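Model, not experiment: these values are computed from the prediction. Quick note: numbers below take in every heavy atom, side chains included, and nothing from hydrogens, waters or symmetry partners.
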Amino acid sequence: MKYRAIGENHLYGKAYAKGKKCVAARVVVYVLRDYRAEALRRADPLKRPINRIGLTVTKKLGGAVVRSRVKRILREGYRAVDRENVIAKGNLIVIVARSGSVTAKSTDIAKDLKYAFRKLGMLSPISRGGSESECKTAK
RNA sequence: CUGACGGAACGCGCGGCCGCGCAGUAUCAUGCCGAAAGGUUUUACUGUGAGGAAAGUCCGGGCUUCACAGGGCAGGAUAACGGAUAACGUCCGCCGACGGCUUCCCCCAAGGGUUGCCGCCCGGGAAAGUGCAACAGAGAUAUACCGCCGUCUUACGAGACGGUAAGGGUGGAAAGGCGAGGUAAGAGCUCACCGGCUCCCCGGGUGACCGGGGAGCCCUGUAAACCCUAUCCGAAGCAACACCGUAUGCAGGUCGGUCUGCCCGGCCUAUACCUGCGGGUGGCGCGGGGAUCUCCCCCGGAGCCGUGGGGUAACUCACGGCAAAGAUAGAUGGUCGCGGGAAAGGGUAACACCUUUUUACAGAACCCGGCUUACAGUUUCGGCAGCAGC
RNA sequence: GGAGAAGUACUCAAGUAGGCCGAAGAGGCGCCCCUGCUAAGGGUGUAGGUCGGGUAACCGGCGCGAGAGUUCGAAUCUCUCCUUCUCCG
């Protein structure tokens, strides 16, 4: 499943100001309804709804190598959650890395994201790939 | 064998599963988004995918634009000499200063000369001019505090005037050093030797410079203070710029722009430019920006490697061969296993072996040549030091 | 990605044609007055960081972002790094 990145700076500002927020151990997640989601859905040939993802990794966490690595791990974590669960679509999601994510593995990030999405009501009750017990441990 | 130093090279490997960017082919499919320019989705296969520093942005270029005559002033950069190079503040060689070790000589010693090697130096000019040199010291570019000597006065305690840079003390620096003559006492005042500077002659070298001889002179330091001399320099930078598309209000000002500042001069333009306020995040735009695919042309780019010639070397010439990033909130990853290296612990006579930990610095963003800085570990070369053996 | 600017006590900062500079001034701080007690206000004062020595008063070394260099001497001049901030389309 591919995802589309947020390119506009003002959308980041809106997500911080108006979005729903959940703080996990290694990441902070902001979620906002995407007004252009319908247009983007119609642009897709298979007419699938889509989430737009933005990643924020500040310079405080390290140099370019460290920050690129954190972004890769965040993307891999989102991908793992999306593979195993059904995430509500048509939203802007901004994921901010905290200092703990520098040394984290992608499985740790996936646990945090799953916890955050559940708190924000983004996960549908029907689990796709993962079992129900896995969700409990994530809690 | 070990150690530190300097130069050079390398800077983790293999596999399974899941995944990412780009290019190509096929496919969903005469689709969808957008006003347009244009963009883009699925799946499969094939190919390909970060560095020695990609970094800092400190120098030098290419490239692009500025409506490009030219000149002067200002400004900036470099600094022995010769060469290399597209160019450089880089590199190579060489000269000189300084420091270390060393050979030999003078020598009680201190020290001096000399031979060779290594290190190091933002190494022009201070006898063109100006400035500055705190404190200390009598005196800082010219001086008399103590002292020494002479004359005069004297109340015999000394005082006044003059001479003197040998001795004392201060300082980073005090009129070159040392010996003799000389003198009232002294002084390059005179002379010998040594040292330095300038000029001339001879010899060597492309040259800086070196060696020898002669004449004159003995002069503080600082140019990473102003400055002088020689050489070089237009500016801005891919967020440059070009193309397409869309939008383009109000008020005020000025003729405006131009190779930057100022002046002269030239050129271009006539609703162009500047300032303030308002509105809007406006195009998920294209190119710049990547050799390749059938042909042709240009070949890519100051590219790397090998062989041979030239050169002390940097480098260069000829021939042959090798290549494959191109993202755009920014692609190289995740996870598991095996292996390699290193460290620590256990173990051993020493290995072997076992366990644990660790595997640096760091990410292309238009492209090259350097410099600087960061860096776990490995290999190799060079001279040096130590230990052991012959 | 590119182009610039600035780092001085706890904070804001002056000092930059080299020298009585370890540092003007203000806030802050300490002490006193005022008040039943605070705040505000008034007066006054010293040290300022760190290391070493000393019972203490005090004395000495190093310290102007860090490290080299020039100079007799550097906060100031030169070079190389580090940090912070600003600008561009």
Pairing string of RNA chain C (Watson-Crick or G-U wobble, both atom distances under 3.5 Å; | = paired to other strand) is ((((((((.[[[..)...(.....]]].(((((.......)))))...(((((....)))))..[[[[[..)....]]]]]))))))).

Exercise: identify the closest heavy-atom pair between A:Cys22 and A:Lys119 = SG-CB, 3.9 Å

Watson-Crick or G-U counterpart of B:G172, or none if no pair lies under 3.5 Å | none

P atom, B:G234 versus B:C227: distance in rounded Å?
-> 23 Å

Could you check which nucleotide pairs with B:C88 in any of the strands shown, counting Watson-Crick or G-U wobble with both distances under 3.5 Å?
-> none

Between B:G16 and B:C32, how far is it from one C1' atom to the other, in whole Å?
-> 39 Å

Using a 90° cut-off around 0 for syn, call B:G188 syn or anti.
-> syn

Search all heavy atoms of A:Gly77 against all heavy atoms of A:Ala110 and return the closest pair with its distance.
-> O-CB, 4.0 Å

Take atom P in B:G52 and the same atom in B:C371, then report the distance between them in whole Å.
-> 15 Å

Option passing side chain to side chain contact (heavy atoms under 4.5 Å, CB included) with A:Ile73 (candidates A:Arg75, A:Lys71, A:Arg69) = A:Arg69

Whole Å only: how far is the CG atom of A:Leu74 from the C1' atom of B:C20?
-> 15 Å

On a whole-Å scale, what distance lies between the P atoms belonging to B:A327 and B:G21?
-> 11 Å

Would you please name every residue forming a salt bridge (Lys or Arg N to Asp or Glu O under 4.0 Å) with A:Arg26, sequence neighbours left out?
-> A:Asp112

Which sits closer to the 5' end of RNA chain B, A:Val65 or A:Lys71, going by the nucleotide each is nearest to?
-> A:Lys71

Watson-Crick or G-U wobble partner for B:C10, using a 3.5 Å limit on both distances?
-> B:G377

Would you call B:A50 syn or anti, using the 90° rule around 0?
-> syn

Both distances under 3.5 Å, Watson-Crick or G-U wobble: report the partner of B:G129, or none.
-> B:C226

Watson-Crick or G-U counterpart of B:U143, or none if no pair lies under 3.5 Å = none

Side chain to side chain contact (heavy atoms under 4.5 Å, CB included) involving A:Lys20 - partner list, sequence neighbours excluded = A:Leu120

Syn or anti for B:G52, with syn set at within 90° of 0?
-> syn

Per the O4'-C1'-N9-C4 / O4'-C1'-N1-C2 angle with a 90° window around 0, B:G51 comes out anti

Is there a Watson-Crick or G-U wobble partner for B:C152 with both distances under 3.5 Å, and if so, which one is it?
-> B:G159

Paired to B:G320 by Watson-Crick or G-U wobble criteria (both distances under 3.5 Å) is B:C305

Using atom P of each nucleotide, how far apart are B:G89 and B:A126 to the nearest Å?
-> 24 Å

Side chain to side chain contact (heavy atoms under 4.5 Å, CB included) involving A:Val65 - partner list, sequence neighbours excluded | none

Using atom names, set out every protein N or O paired with an N or O of nucleotides 332-335 of chain B below 3.5 Å, distance rounded to 0.1 Å.
| unit_1 | atom_1 | unit_2 | atom_2 | d |
| --- | --- | --- | --- | --- |
| B:U332 | OP2 | A:Arg72 | NE | 2.8 |
| B:G334 | OP1 | A:Arg69 | NH1 | 2.4 |
| B:G334 | O3' | A:Ser106 | OG | 3.4 |
| B:G334 | O2' | A:Ser106 | OG | 2.7 |

Spacing of the C1' atoms in B:U269 and B:U254 (rounded, Å) = 15 Å

Rounded to whole angstrom, note down the C1' distance from B:A323 over to B:G47.
-> 15 Å

Opposite nucleotide pairing with B:C94, Watson-Crick or G-U, both atom distances under 3.5 Å = none

Provide the distance between the two C1' atoms, one in B:U222 and one in C:G73, to the nearest whole Å.
-> 12 Å

Tell me, please, which residues at least two apart from A:Ala97 pass side chain to side chain contact (heavy atoms under 4.5 Å, CB included).
-> A:Val57, A:Leu61, A:Val70, A:Leu74, A:Ser101

Distance, rounded to the nearest Å, where A:Arg67 contributes CZ and B:G363 contributes C1' | 11 Å

After noting the C-alpha distance and the side-chain angles of A:Ile95 and A:Leu113, does the key distance pass the side-chain contact (heavy atoms from CB on, under 4.5 Å) rule?
-> CA-CA 9 Å; A:Ile95 303 173; A:Leu113 287 176; 4.0 Å; yes

